[in-house]
Amino acid sequence: MKSGAKIRLSIITFLMLVAISTWAQKVTKEKTTYFKTPKGFKYIPQGNVLLDKDSTHLFGFYMLESEVSNIMYKEFLDSLKAQGKTTEFAVANVDTLKWRDKLAYNEPFVSYYFQHPAYQNYPVVNISYEGAVLYCQWLTEKLNKQSKGKKVKAQLPSRAQWVWAARNGTKYNVYSWNGPYLFKNEGGLYCNYYATGDQCVHYNSETKEFENIKSSIGRNCGIAESTDIMTPVRSYLPSKFGLYNMNGNVAEMVHEKGIAVGGSWKSPGYDVRNESMLNYTEASTTVGFRPILVVEY
């Protein structure tokens, strides 16, 4: 082949390679559309979580930084009503009568906790597992309508995903603040729980048993920072991953139906650990939820 022909062939080959490279870059750019983290969500990186002696590899996901609040859940219910989804609304609706308790005067909460503006940023409770699942489906549709990039799926986290997020990606942490204690060195508590201590323990000489007592100051024997109810969803300090109230406040539903994790405002300190679980069969004043987002590549 003459040198001129070789040069022309080389130029054509070069131009073809440039065209192919440009096309490949364009396709890659389209496939890897930038994903903007939705407001209120935090990224939880991938890793291996050891739970119940089993190790599981988890891919990265996004988690709501707080428990779902009353105002957030109210938006969901209003949407169901506006769309005429009466069946779904009946399943998802809040059962405020669960506040009635023979052992405590909670009657005002029956009318006010979910409806009154003063509690709009408190965690939603008294909802069913099915209601939480419907919320996740609604949130999936809402976020994907707003997104111009990748699609996401909202869902309840598995227990492994929840624990991994609460541990801040470490092998083992008792609580989400990376420490084994519930009290801060400078005073105060790290979370909202049923804070009883030695000052609340009484030995009954008649029954020969130790009893947990209430003082005239309040149910927590004078530990002022503890509350008789939940606190707002963004209370106390966030974890390393930017998550609020992973321990205490309300126990949170996970994908495994009937299990809530992290303990609640009625749980003592040992029962608000990252690995703590409680079983539930119906809507409860101590159980709420927070969804995660999985990016669909």
Side-chain angles (χ1 to χ4, degrees), residues 41-68 72-73 76 88 91-95 98 123-140 152-176 191 193 230 233 239 241 243-268 270-296:
F41 282 84
K42 300 296 182 182
Y43 181 67
I44 311 300
Q46 67 174 339
N48 295 311
V49 59
L50 181 64
L51 186 62
D52 301 331
K53 298 182 180 181
D54 293 323
S55 180
T56 304
H57 180 75
L58 301 173
F59 293 101
F61 56 92
Y62 296 81
M63 178 173 266
L64 190 63
E65 65 183 10
S66 70
E67 301 128 339
V68 172
M72 294 164 68
Y73 200 78
F76 158 60
E88 290 87 342
V91 171
N93 201 13
V94 175
D95 185 0
K98 294 295 183 183
V124 68
V125 292
N126 296 326
I127 59 171
S128 65
Y129 174 88
E130 290 76 15
V133 170
L134 284 171
Y135 178 92
C136 291
Q137 293 173 359
W138 168 81
L139 183 61
T140 297
V152 297
K153 180 181 180 181
Q155 60 193 45
L156 291 175
S158 67
R159 181 173 174 241
Q161 288 172 319
W162 193 96
V163 170
W164 174 248
R167 289 180 183 169
N168 298 308
T170 61
K171 184 176 181 180
Y172 183 77
N173 268 328
V174 181
Y175 302 108
S176 62
C191 70
Y193 72 104
M230 290 80 79
V233 295
S239 69
F241 281 163
L243 307 173
Y244 292 88
N245 291 324
M246 292 293 280
N247 309 98
N249 215 32
V250 293
E252 299 177 15
M253 299 178 192
V254 290
H255 176 72
E256 296 86 343
K257 186 177 181 180
I259 296 175
V261 294
S264 76
W265 58 287
K266 281 190 175 182
S267 302
Y270 185 78
D271 294 333
V272 296
R273 294 169 298 120
N274 293 335
E275 293 193 25
S276 295
M277 293 189 294
L278 65 82
N279 297 322
Y280 69 93
T281 57
E282 57 186 13
S284 167
T285 61
T286 60
V287 177
F289 72 105
R290 79 174 78 207
I292 65 170
L293 301 179
V294 177
V295 180
E296 298 184 335

Report the C-alpha separation of Leu243 and Arg290 in whole Å, then their side-chain angles, then the decisive distance to 0.1 Å, and conclude whether the side-chain contact (heavy atoms from CB on, under 4.5 Å) test is met. CA-CA 10 Å; Leu243 307 173; Arg290 79 174 78 207; 4.2 Å; yes

Would Gln46 and Leu58 count as a side-chain contact (heavy atoms from CB on, under 4.5 Å) here? Give the steps. CA-CA 5 Å; Gln46 67 174 339; Leu58 301 173; 5.9 Å; no

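- Interatomic distance, Ser128 OG to Asn93 CG, rounded to the nearest 0.5 Å: 9.5 Å.
- Within the 4.5 Å cutoff, no side-chain heavy atoms of Asn247 are placed close to those of Arg273.
- Residues Lys257 and Glu130 form a side-chain contact, since some pair of their non-hydrogen atoms from C-beta on lies under 4.5 Å apart.
- Without hydrogens or angle criteria, Thr140 side chain to Ala154 main chain gives a donor-acceptor distance under 3.5 Å.
- In plain terms, the two heavy atoms of Val133 and Leu156 that are nearest each other are CG2-CD1, 4.3 Å.
- When every heavy atom of Ala165 is checked against every heavy atom of Phe241, the shortest pair comes out as O-CD1, 3.5 Å.
- Under the 4.5 Å side-chain criterion, counting only non-hydrogen atoms from C-beta, Val261 is not in contact with Val163.
- Contact between Phe76 and Ala92 at its shortest, heavy atoms only, is CE2-CB, 3.6 Å.
- With rounding to the nearest 0.5 Å, the separation of CD in Glu67 from CE in Met246 is 9.0 Å.
- In this structure, Tyr135 and Phe289 have perpendicular ring planes: the angle between them is above 60°, well past the 30° mark.
- Looking at every heavy atom in both residues, Arg167 comes nearest to Asn173 through O-ND2, 3.1 Å.
- Surrounding OH of Tyr43 are more than 12 heavy atoms belonging to other residues, nucleotides or ligands, all under 6.0 Å away.
- Distance OG/Ser284 to CG/Leu278: 7.5 Å, rounded to 0.5 Å.
- Here the CD-OG1 distance, from Glu252 to Thr286, works out to 12.0 Å after rounding to the nearest 0.5 Å.
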Assess the residue pair His255 and Gln155 against the criterion (side-chain contact (heavy atoms from CB on, under 4.5 Å)); give the C-alpha distance rounded to whole Å, side-chain angles, the decisive distance to 0.1 Å, and a yes or no. CA-CA 8 Å; His255 176 72; Gln155 60 193 45; over 6 Å; no

Steps toward side-chain contact (heavy atoms from CB on, under 4.5 Å) verdict (Glu256, Met277): CA-CA 11 Å; Glu256 296 86 343; Met277 293 189 294; over 6 Å; no

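- Between the CG atom of Leu293 and the CD1 atom of Ile44 there is a distance of 11.0 Å, given to the nearest 0.5 Å.
- Side-chain contact between Glu282 and Asp95 is absent, with no heavy-atom pair separated by less than 4.5 Å.
- Between Thr285 and Asn126, some side-chain heavy-atom pair lies under the 4.5 Å cut-off.
- Within 6.0 Å of the OH atom in Tyr172, the count of heavy atoms belonging to other residues, nucleotides or ligands exceeds 12.
- At least one donor-acceptor pair closer than 3.5 Å links the side chain of Ser276 to the backbone N or O of Tyr270.
- Using a distance-only test at 3.5 Å, with no hydrogens or angles considered, no donor-acceptor pair links the side chain of Asn48 to the main chain of Ser55.
- Of all the heavy atoms in Pro123 and Val233, the pair that sits closest is N-CG1, 3.5 Å.
- Within the 4.5 Å cutoff, side-chain heavy atoms of Arg159 are placed close to those of Asp52.
- Inter-residue side-chain proximity for Lys98 and Val287 is flagged as unmet; no heavy-atom pair is nearer than 4.5 Å.
- Of the charged side-chain nitrogens involved, none lies within less than 4.0 Å of a carboxylate oxygen, so that Glu296 and Lys153 do not count as a salt-bridged pair.
- Considering only heavy atoms from C-beta on, Gln161 stays 4.5 Å or farther from Phe59 through its side chain.
- When all heavy atoms of Asn274 and Trp162 are compared, the pair lying nearest together is O-CZ3, 3.4 Å.
- Atoms CH2 and CE, on Trp164 and Met63 in that order, are 12.5 Å from each other to the nearest 0.5 Å.
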